[in-house]
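Note sheet for the following structure.
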Amino acid sequence: MPLRLSERTLGQAQPGTACPGYVRAACRVGWVHFGPGAFHRAHQAYYADRLLEHDPRWAISAVALHSADVRAALAPQDYLYSLAELGPGAPVRIIGALREILAATREPGAVFARLESPDTRLITLTVTEKGYCLDADGGLDMAHPDVQHDLSVPDHPRSVIGFLAEGLRRRHASGQAPCAVVSCDNLAENGPTLRAAVSAFAAQRSGELARWIEREVAFPRTMVDSITPATDAALRERVAQSIGLMDAWPVQREMFTQWVIEDVPQVRVADWASVGVQLTNDVGVYERAKLRLLNAAHSTLAYVGLLRGHTTVAEAMSDAPLARLVEHLMRADIAPSLTGGAVIDIDAYIEATLGRFRNRSVRHQLAQIAWDGSKKLPVRLLPTLAEALAAGRPLERLAVPVAAWIRFIVARARAGGELTDPLAEQLLALGRECTGDPRGDVARFLALQAVFSAQLAAAPACVRAVSEAYRALGAAGAIAPRLCAAG
Ligand code: CS2
């Protein structure tokens, strides 16, 4: 049995392991992050690790909002963990950027102390779409139980919105400079959306606080990208072999990684360029291309791929009709809704994205992407569908992922299976009511106001396209040949 990874054993890591290139004890916490899941640890913490090589101010205090699992796994390792990049010749890298993981609901005082500290220059979040407590229109859902709770007990919040509003209030009250708050989730207009949610919450407590937040706190837009399959037994084994130490919770990602942040003064606190992070005023272009092309294609592969019996993205991409459907969806149906301007060559972006999906060394489970469809589709796919409808463009291919999502839920409901989704119970109940009649089944789902706008749900062309796609897919995910041809 190999020794467990920790500060004490780090020196015994196998030669070839990339260890932190700095003295951890000499680093200070300057960055607070909410949601230390695999994506954060493979992406933002990797950039922090590289910043720390020449600037000791960027150790991270991570805040776990719901589960204490990650803290239980990493505390005995002094918060060290391994990052495996999935590509030829990449060494396993030990990341030393995490200083601590705080369990938010058990020790809110410690979280507020970090948020208030003058050393804290940056706050980031990866709490997934559902963590923002938004309603169907993208504003803060005042009726959300966590929002209600946090308004009544502001010192012991449950939601990230409650933590941010109270943390910023304390920062303001103690005369600290405001700092940048960066949403690193796949939301359209993530910065402005977060700003609106935090200000709306703060306004319930004090108009002055809300105005200070609006005026002084920067919520830059950002685009984050790196495909990060969940940790599995094969990864644990591979890491143990490679570093010669046992790591309870390593993470993995593809070699490709990108982070683009809106260039506002409060973000210019670190030498981002030195670690490959881009600061630009064109984040919107990157964000739309990524959400609408990569993320929408992912969801299509997930729902159609699962119906067709596939397990991973690369496997689904080796199914020729499905791969062609996805490629034409991106080129013929989604690309017309995008302008890359001088920033992105959309054709090249599609080509590169398809190449990333085909990468067989990335075992990305379709089931992982299929989670939280009720929150993901409204961000990554439905705006494109609504624009195509308004512009009179064809809807038949854009309707396929929506229909496949419904088929996926119906299949889960019939099998008595579970669903990972904030609306799981409601969706499974709808699924159980479905009879197989396309019109009736689709109408039940389109009536979900938390997912579909009234306009989409009522548009005859949309109802027709989704019902037809639902019929054609059948239970096994059949793909009509005409959908695999350009045009
Ligand atoms: C995926 C994303 O799980 C999903 O919904 O589409 O996590 C995707 O892998 C990342 O956004 C890539 O950067």
Practice task
For side chain to side chain contact (heavy atoms under 4.5 Å, CB included), just list the numbers for L322 and M317, CA-CA rounded to whole Å, side-chain angles, deciding distance to a tenth of an Å, and then say yes or no.
Solution key: CA-CA 7 Å; L322 177 50; M317 285 296 290; over 6 Å; no
Handout entry: Nearest heavy atoms of R363 and R360, plus distance in Å
Key = CG-O, 4.3 Å
Practice task
For the residue pair Y132 and D141, confirm or rule out a side-chain donor-acceptor distance under 3.5 Å.
Solution key: no
Problem - Student check: side-chain heavy atoms of H40 and L125 closer than 4.5 Å - result: no
Exercise for the section: Keeping the roles fixed (side chain from T231, backbone from A38), state whether a donor-acceptor pair exists under 3.5 Å. Expected result: no
Practice task
Answer yes or no: does atom CZ of R106 have more than 12 heavy-atom neighbours from other residues, nucleotides or ligands under 6.0 Å?
Solution key: no
Handout entry: Shortest non-hydrogen separation from L102 to S61 and the atoms involved
Key = CD1-OG, 3.6 Å
Exercise for the section: Would you check if the side chain of R253 reaches a backbone N or O of A42 as a donor-acceptor pair within less than 3.5 Å? Expected result: yes
Practice task
Find out whether L74 and I101 are in side-chain contact, i.e. whether some heavy atom of one side chain is under 4.5 Å from a heavy atom of the other.
Solution key: yes
Exercise for the section: Go through E351 and D347 one step at a time and tell me if the side chain to side chain contact (heavy atoms under 4.5 Å, CB included) criterion holds. Expected result: CA-CA 6 Å; E351 204 53 50; D347 282 335; over 6 Å; no
Practice task
Using atom types as modelled and distance alone, determine if a side-chain donor or acceptor of S183 lies under 3.5 Å from a backbone N or O of G191.
Solution key: no
Practice task
Taking atom types as modelled, find out whether E254 and N359 have a side-chain donor-acceptor pair closer than 3.5 angstrom.
Solution key: no
Problem - Donor-acceptor pair between S337 and R292 side chains, under 3.5 angstrom - result: yes
Handout entry: Donor on one side chain, acceptor on other, H310 and D319, under 3.5 Å
Key = yes
Practice task
Look at the side chain of S242 and the backbone N and O of R238, then say whether any donor-acceptor pair between them is shorter than 3.5 Å.
Solution key: no
Exercise for the section: Give a yes or no on whether the backbone of L419 and the side-chain of R412 come within a donor-acceptor separation of less than 3.5 Å. Expected result: no
Practice task
Using atom types as modelled and distance alone, determine if a side-chain donor or acceptor of R24 lies under 3.5 Å from a backbone N or O of D78.
Solution key: yes
Exercise for the section: Scan side-chain atoms only and decide if Y286 and Q258 contain a donor-acceptor pair under the 3.5 Å cut-off. Expected result: no
Practice task
Could you grab the distance from atom CG of L385 to atom CZ of R393, nearest 0.5 Å is fine?
Solution key: 10.5 Å
Practice task
Tell me, yes or no, whether the heavy-atom count around W272 atom CH2, taken from other residues, nucleotides or ligands under 6.0 Å, exceeds 12.
Solution key: yes
Exercise for the section: Go through the side-chain N and O atoms of Q252 and E85 and say whether any donor and acceptor fall under 3.5 Å apart. Expected result: no
Problem - Exam field: side chain R50 to backbone A45, donor-acceptor pair closer than 3.5 Å - result: no
Exercise for the section: To the nearest 0.5 angstrom, please state how far the CE atom of M223 sits from the CD atom of E262. Expected result: 13.5 Å
Exercise for the section: Report yes if the side chains of L427 and W405 come closer than 4.5 Å at any heavy-atom pair, otherwise no. Expected result: yes
Completion exercise
Note: C27 and L52 closest approach over all heavy atoms is SG-CD2, 3.7 Å
Exercise for the section: Tell me yes or no: between the side chains of R114 and T120, is some donor less than 3.5 Å from an acceptor? Expected result: no
Problem - Straight-line distance of I94 CD1 to L245 CG, nearest 0.5 Å - result: 7.0 Å
Handout entry: Evaluation steps, side-chain hydrogen bond (donor to acceptor under 3.5 Å, both in side chains), between S299 and R380
Key = CA-CA 9 Å; S299 292; R380 52 182 69 181; 3.0 Å; yes
Handout entry: Heavy-atom side-chain contact between V402 and Y303 under 4.5 Å
Key = no
Exercise for the section: Ignoring hydrogens and angles, state whether a donor on the side chain of W259 or T222 is under 3.5 Å from an acceptor on the partner side chain. Expected result: yes
Problem - Side-chain donor-acceptor contact under 3.5 Å, S6 with Q77 - result: no
Problem - Atom of Q12, atom of L3 and distance for their closest heavy-atom approach - result: OE1-CD1, 3.2 Å
Handout entry: pair L122-W58: side-chain heavy atoms closer than 4.5 Å
Key = yes
Practice task
Could you tell me whether the side chains of H33 and T124 share a donor-acceptor contact shorter than 3.5 Å?
Solution key: yes
Exercise for the section: Find out whether the Lys NZ or Arg CZ of R407 is both under 6.0 angstrom from the six-membered ring centre of Y470 and within 45° of the ring's axis. Expected result: yes
Practice task
Evaluate the side-chain proximity of T280 to D263: yes if any heavy-atom separation is below 4.5 Å, no if none is.
Solution key: no
Handout entry: Atom pair CD/CZ of Q241 and R236 - distance to nearest 0.5 Å
Key = 15.0 Å
Completion exercise
All heavy atoms of P56 vs all of A26, minimum pair found to be CB-O, 3.8 Å
Handout entry: Whether over 12 other heavy atoms sit under 6.0 Å from R324 CZ
Key = yes
Completion exercise
Checking K376, E287, K290 against N186 for side chain to side chain donor-acceptor pair (under 3.5 Å), the one that qualifies is K290
Practice task
Find out whether H43 and T228 are in side-chain contact, i.e. whether some heavy atom of one side chain is under 4.5 Å from a heavy atom of the other.
Solution key: no
Practice task
Measure the spacing between CZ of R268 and CD of Q266 and express it to the nearest 0.5 Å.
Solution key: 10.5 Å
Practice task
Establish, from distance only, whether the side-chain atoms of S82 and D247 form a donor-acceptor pair under 3.5 Å.
Solution key: yes
Problem - Test: E396 and R482 ion pair at under 4.0 Å - result: yes
Handout entry: Among T17, L5, I243, side chain to side chain contact (heavy atoms under 4.5 Å, CB included) partner for L10
Key = L5
Exercise for the section: Write down the atom of L428, the atom of G417, and the distance for their closest heavy-atom approach. Expected result: CD1-O, 3.8 Å
Handout entry: Short side-chain donor-acceptor distance under 3.5 Å, S374 and D421
Key = yes
Problem - Check against side chain to side chain contact (heavy atoms under 4.5 Å, CB included), L430 and L448 - result: CA-CA 10 Å; L430 283 181; L448 278 167; 3.8 Å; yes
Exercise for the section: Look at the side chain of D282 and the backbone N and O of V285, then say whether any donor-acceptor pair between them is shorter than 3.5 Å. Expected result: no
Handout entry: Main-chain N/O of K375 paired to D372 side chain as donor or acceptor, under 3.5 Å
Key = no
Practice task
Would you tell me whether T257 and Y47 have side-chain atoms, one donor and one acceptor, within less than 3.5 Å of each other?
Solution key: yes
Fill in the blank from the handout: The complete set of ring pair (Phe, Tyr, Trp, His ring centres under 6.0 Å) pairs with one or both residues in residues 64-107, sequence neighbours excluded, reads none
Exercise for the section: Begin from the C-alpha positions of E129 and L187 and carry the test side chain to side chain contact (heavy atoms under 4.5 Å, CB included) through to its verdict. Expected result: CA-CA 7 Å; E129 295 83 343; L187 295 179; 4.0 Å; yes
Problem - Carboxylate-amine/guanidinium contact E315 R308, below 4.0 Å - result: no
Handout entry: H54 versus S274, side-chain donor and acceptor atoms under 3.5 Å
Key = yes
Problem - Pair F357 + H298: ring centers closer than 6.0 Å - result: yes
Handout entry: Sub-4.5 Å side-chain heavy-atom contact between L83 and R41
Key = no
Handout entry: Expected output: side-chain D49 to main-chain I95 donor-acceptor under 3.5 Å
Key = no
Practice task
Kindly compute the distance separating CG (D333) from CZ (R397), expressed to the nearest 0.5 Å.
Solution key: 4.5 Å
